[in-house]
Amino acid sequence: MASFQAPKGTFDVLPEQEAARAAVLAYTERVVGLAGYGRIETPMFEDTALFARGVGEATDIVRKEMFTFEDGGGRSITLRPEGTAPVCRAYLEHGMHRLAQPVKLWYAGSFFRYERPQEGRYRQFNQIGAEAIGSGSPLLDAEVVILLDGILRGLGIDRLKLKLSSLGSTAARMAYRDELREYLRAHESDLSEEVRARIDLNPMRAFDSDHERTRGVMAGAPTLLERLEGEDAEHFAEVRALLDAAGVAYELDPTLVRGLDYYNRTLFEFDCDRLGAQSGVGGGGRYDGLIEMLGGPATPAIGWAAGIERILLAMEAPQPQGSVEAFIVSAEQRERAFALVLELRAAGIGADLDLAGRSFKGQMKQADRSGARAAVILEADGTAKLRDMGSGEQREVDPARIVDEIRAAS
RNA sequence: GUGGGCGUAGCUCAGCUGGUAGAGCUCCUGGUUGUGGUCCAGGCGGUCGCGGGUUCGAUCCCCGUCGCUCACCCCA
């Protein structure tokens with residue numbers, strides 16, 4: 001038993017798992033790249049206040065899930081729990097409001113949340129995300145939803161469900177929350193203890209309760225979508241029409257609540273039932289007030305994030321890792337084999353040799369395991385043979401022309 | 001933070017009502033003076049998570065602790 005293990009909620013990504021992750025990143029880059037998104041990288045940690053203000057003091061993330069510490073200079077630092085606030089910070093810091101709007105950015109990297117791990121949930125996890133800042137057009141709402149939908153489906157994830165809602169304007173949302181709170185208080189005696197405790201903090205959560213009498217109460221509760229008015233209602237109708245036109249299926253879910261304070265208007269989430277309890281693969285929404293909250297000018301924006309680990313869980317078993325093309329087998333000519341391996345690699349051909357002192361038979365076995373299509377057998381008399389590991393065919397080759405022979409064979 | 005399940009070889013696991021450990025896979029060697037993917041044989045590999053208790057004796061019972069895992073909360 002090893003004396004050290006990866007810290008709780010963290011994990012190693014082993015070589016055979018990297019290919020699938022790389023594929024997710026490559027595909028994401030292609031899809032968002034075609035839509036004009038440029039990649040941005042922000043620090044793994046930020047000033048704690050950025051998240052406290054940006055994400056919201058009342059959210060679970062800020063109240064109990066942040067990895068916060070003091071640096072040597074007495075500054076309060078937090079390992080980033082999400083990507084939107086940092087990207088907005090960078091937008092402001094680099095004066096991106098001077099660029100043509102909207103500014104389209106995407107990112108991929110690790111995020112940190114101090115939580116009890118479970119399937120699809122880790123303390124250090126990875127996300128891909130996209131943010132489009134500087135436009136309130138419903139076209140942009142539709143674009144980002146379609147991008148994530150395209151990425152997820154393109155990666156082969158099926159049994160995917162898109163839930164869509166709108167929170168309306170911040171003012172409308174606040175008004176609705178007050179109305180809901182009043183409604184809940186009026187029926188307080190029928191509510192479960194947990195729901196009652198959250199009336200002030202997060203009344204929307206009451207819609208998710210399993211408590212029977214609570215459900216009864218909520219069936220008669222006003223919903224946010226019913227309260228959408230004026231421009232908010234128009235905006236949402238337009239987003240829906242655009243998604244319909246694009247053939248993106250969704251279901252309206254007025255109870256959809258994302259646990260971050262900065263959202264307004266369009267809200268969406270992709271669920272996959274292959275994931276168990278943590279069924280959310282990714283989601284996002286519009287956050288027209290965030291930039292202003294961070295000290296910038298009023299700037300509309302929208303974005304999403306998706307969990308790479310959850311994407312991987314939802315995907316079919318992925319493809320195997322890469323392998324070398326040629327494996328050099330030799331009995332007592334390791335130096336010669338080594339020199340040949342170096343020569344092949346220099347020529348751009350993946351090559352390897354036995355590095356464990358194996359018997360001849362063991363070397364052939366390793367050649368097989370390595371996935372190499374060709375094995376080169378160096379004989380004691382200086383001659384060489386080229387063996388096709390797929391067909392088993394083998395022939396003598398000119399030792400001086402091995403690189404060419406292998407190149408020709410592949 | 002709360003609750004359930006589990007912690008025996010690198011991996012997956014077995015171990016009956018307590019008598020100081022087994023299998024399969026993997027890996028190495030041999031079966032073929034050298035040729036892999038099948039098969040056969042042998043071998044390497046374990047402080048039975050850790051600490052304490054009960055007992056003549058504990059992997060097996062009890063307590064504690066750490067870890068993993070699933071779920072709640074919430075979220076990726």
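Each chain gets a letter, A, B and so on, in the order its sequence line appears, and its residues count up from 1. Just so it is clear, the structure is predicted and the values come from calculations on it, not from any experiment.
- Using a 4.0 Å heavy-atom distance criterion, A/A331 is classed as a base contact.
- Comparing the C1' positions of B/U29 and B/U12 gives an interatomic distance of 25 Å, to the nearest angstrom.
- Residues from residues 350-362 of chain A placing a heavy atom under 4.0 Å of any atom in RNA chain B, listed by number, are A/R358, A/S359, A/F360, A/K361, A/G362.
- Side chains of A/D253 and A/S165: no donor on one and acceptor on the other come within 3.5 Å.
- Stacking here means ring centres nearer than 5.5 Å and ring planes tilted less than 30 degrees, and by that measure A/F111 does not stack onto B/A76.
- Taking the P atom of each, B/G45 and B/G1 are spaced 41 Å apart, rounded to whole Å.
- Looking at A/R159 and A/D273, a side-chain N of the basic residue comes within less than 4.0 Å of a carboxylate O on the acidic one, giving a salt bridge.
- Here B/U35 is the nucleotide among B/C74, B/A76, B/U35 with the atom lying nearest to any side-chain atom of A/I377.
- Listed by first and then second residue, the salt bridge (Lys or Arg N to Asp or Glu O under 4.0 Å) pairs involving residues 28-46 of chain A are A/E46-A/R89 (not counting sequence neighbours).
- Going from the P atom of B/A21 to that of B/C16 covers 14 Å, rounded to whole Å.
- In this structure, A/E379 reaches the bases: a heavy-atom distance under 4.0 Å links it to at least one base atom across the strands shown.
- In this structure, A/S279 contributes its side chain and A/D271 its backbone to no donor-acceptor pair below 3.5 Å.
- As a whole-Å value, the separation of A/D388 CG from B/G37 P is 16 Å.
- In this structure, A/K365 places its NZ atom 13 Å from C1' of B/U35, rounding to the nearest Å.
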What's touching nucleotides 69-72 of chain B from the protein side, N or O pairs under 3.5 Å?
{"residue": "B/C70", "atom": "OP1", "partner": "A/E119", "partner atom": "N", "Å": "3.4"}
{"residue": "B/C70", "atom": "OP2", "partner": "A/E119", "partner atom": "N", "Å": "2.8"}
{"residue": "B/A71", "atom": "OP1", "partner": "A/A277", "partner atom": "N", "Å": "3.0"}
{"residue": "B/A71", "atom": "OP2", "partner": "A/Q118", "partner atom": "NE2", "Å": "3.2"}

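- Atom C1' of nucleotide B/U26 and atom CG of A/D368 are separated by 15 Å, given to the nearest angstrom.
- Using a 90° window around 0 for the glycosidic torsion, B/G22 falls outside it and is classed as anti.
- For the pair A/D60 CG and B/C73 P, the interatomic distance rounds to 11 Å; values are reported in whole Å.
- Counting distance only, with no hydrogens placed and no angle test, the side-chain atoms of A/Q394 and the base atoms of B/G36 include no donor-acceptor pair under 3.5 Å.
- Proximity note for A/Q127 (side chain, C-beta onward) versus B/C74, B/A76, B/U35: the nearest is B/A76.
- Ion pairing between a basic and an acidic side chain is recognised when a charged N comes within 4.0 Å of a carboxylate O; A/K163 and A/E251 show no such pairing.
- By the 4.0 Å N-to-carboxylate-O rule, A/R227 lies close enough to A/E179 to be salt-bridged with it.
- Residue pairs meeting the salt bridge (Lys or Arg N to Asp or Glu O under 4.0 Å) criterion with at least one partner in residues 362-378 of chain A, sequence neighbours excluded, are A/E325-A/R373.
- Between B/G15 and B/C73, the distance separating the two C1' atoms is 39 Å to the nearest Å.
- Atom P of B/U17 sits at a distance of 15 Å from the matching atom of B/C6, rounded to the whole Å.
- For residues 132-144 of chain A, every residue pair satisfying the salt bridge (Lys or Arg N to Asp or Glu O under 4.0 Å) rule, not counting sequence neighbours, is listed here: A/K104-A/E143, A/D141-A/R286.
- Here the separation of B/G36 from B/C27, taken at their P atoms, is 15 Å to the nearest Å.
- Only the C1' atoms considered, B/G51 is 38 Å distant from B/A76, to the nearest whole Å.
- With hydrogens and angles ignored, the 3.5 Å screen pairs no side-chain donor or acceptor of A/T78 with any backbone N or O of A/R80.
- Here the side chain of A/Q5 is nearest to one of B/U35, B/C68, B/G34, namely B/C68.
- Listed by first and then second residue, the salt bridge (Lys or Arg N to Asp or Glu O under 4.0 Å) pairs that reach into residues 347-364 of chain A are A/R334-A/D354, A/R345-A/D352, A/D354-A/R358, sequence neighbours excluded.
- For residues 121-174 of chain A, the set of pairs meeting the ring pair (Phe, Tyr, Trp, His ring centres under 6.0 Å) definition, not counting sequence neighbours, comprises A/F11-A/Y122.
- With hydrogens and angles ignored, the 3.5 Å screen pairs no side-chain donor or acceptor of A/D12 with any backbone N or O of A/L14.
- If you take CZ of A/R113 and P of B/G1, they are 18 Å apart, rounded to a whole angstrom.
- In RNA chain B, runs of at least 3 consecutive Watson-Crick or G-U pairs, each pair with both distances below 3.5 Å, span B:1-7 with B:66-72, B:10-13 with B:22-25, B:27-31 with B:39-43, B:49-53 with B:61-65.
- Atom C1' of nucleotide B/C73 and atom CD of A/E65 are separated by 9 Å, given to the nearest angstrom.
- Evaluation of atom-type donor-acceptor distances gives no pair under 3.5 Å for the side chain of A/Q124 against the base of B/A76.
- Only A/V281, A/G282, listed by number, bring a heavy atom of residues 281-290 of chain A to less than 4.0 angstrom from any atom of RNA chain B.
- Nucleic acid contact for A/G390: base, since at least one base atom lies under 4.0 Å from a heavy atom of the residue.
- Ring-plane geometry between A/F270 and A/F268 is classed as perpendicular, the angle between the planes exceeding 60 degrees on a 0 to 90 degree scale with a lower cut at 30.
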Give each protein N/O atom lying under 3.5 Å from an N/O atom of nucleotides 42-45 of chain B, with the pair distance.
none

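- Ion pairing between A/K64 and A/D60 holds under the 4.0 Å rule for side-chain N and carboxylate O.
- Checking A/E405, A/E393, A/E379 one by one against A/K385, the salt bridge (charged side-chain N to carboxylate O under 4.0 Å, His left out) holds for a single residue, A/E379.
- Looking only at distances, a side-chain donor or acceptor of A/R310 sits under 3.5 Å from a matching main-chain atom of A/G120.
- For the C1' atoms, the distance linking B/G10 with B/C28 amounts to 14 Å, nearest Å.
- Residues forming a ring-ring contact (aromatic ring centres under 6.0 Å, His included) with A/Y287 (at least two apart in sequence, or on another chain): A/Y262.
- The stretch residues 14-70 of chain A participates, sequence neighbours left out, in these ring pair (Phe, Tyr, Trp, His ring centres under 6.0 Å) pairs: A/F67-A/Y114.
- Taking the side chain as every heavy atom from C-beta outward, A/Y107 and A/T42 never approach each other to under 4.5 Å.
- The phosphate of B/C28 (OP1 or OP2) has a side-chain N or O of A/R369 nearer than 4.0 angstrom.
- Both A/F270 and A/K64 sit near RNA chain B, but only A/K64 has its closest nucleotide nearer the 5' end.
- Across all strands, A/E309 comes closer than 4.0 Å to no nucleic acid atom at all (heavy-atom distances).
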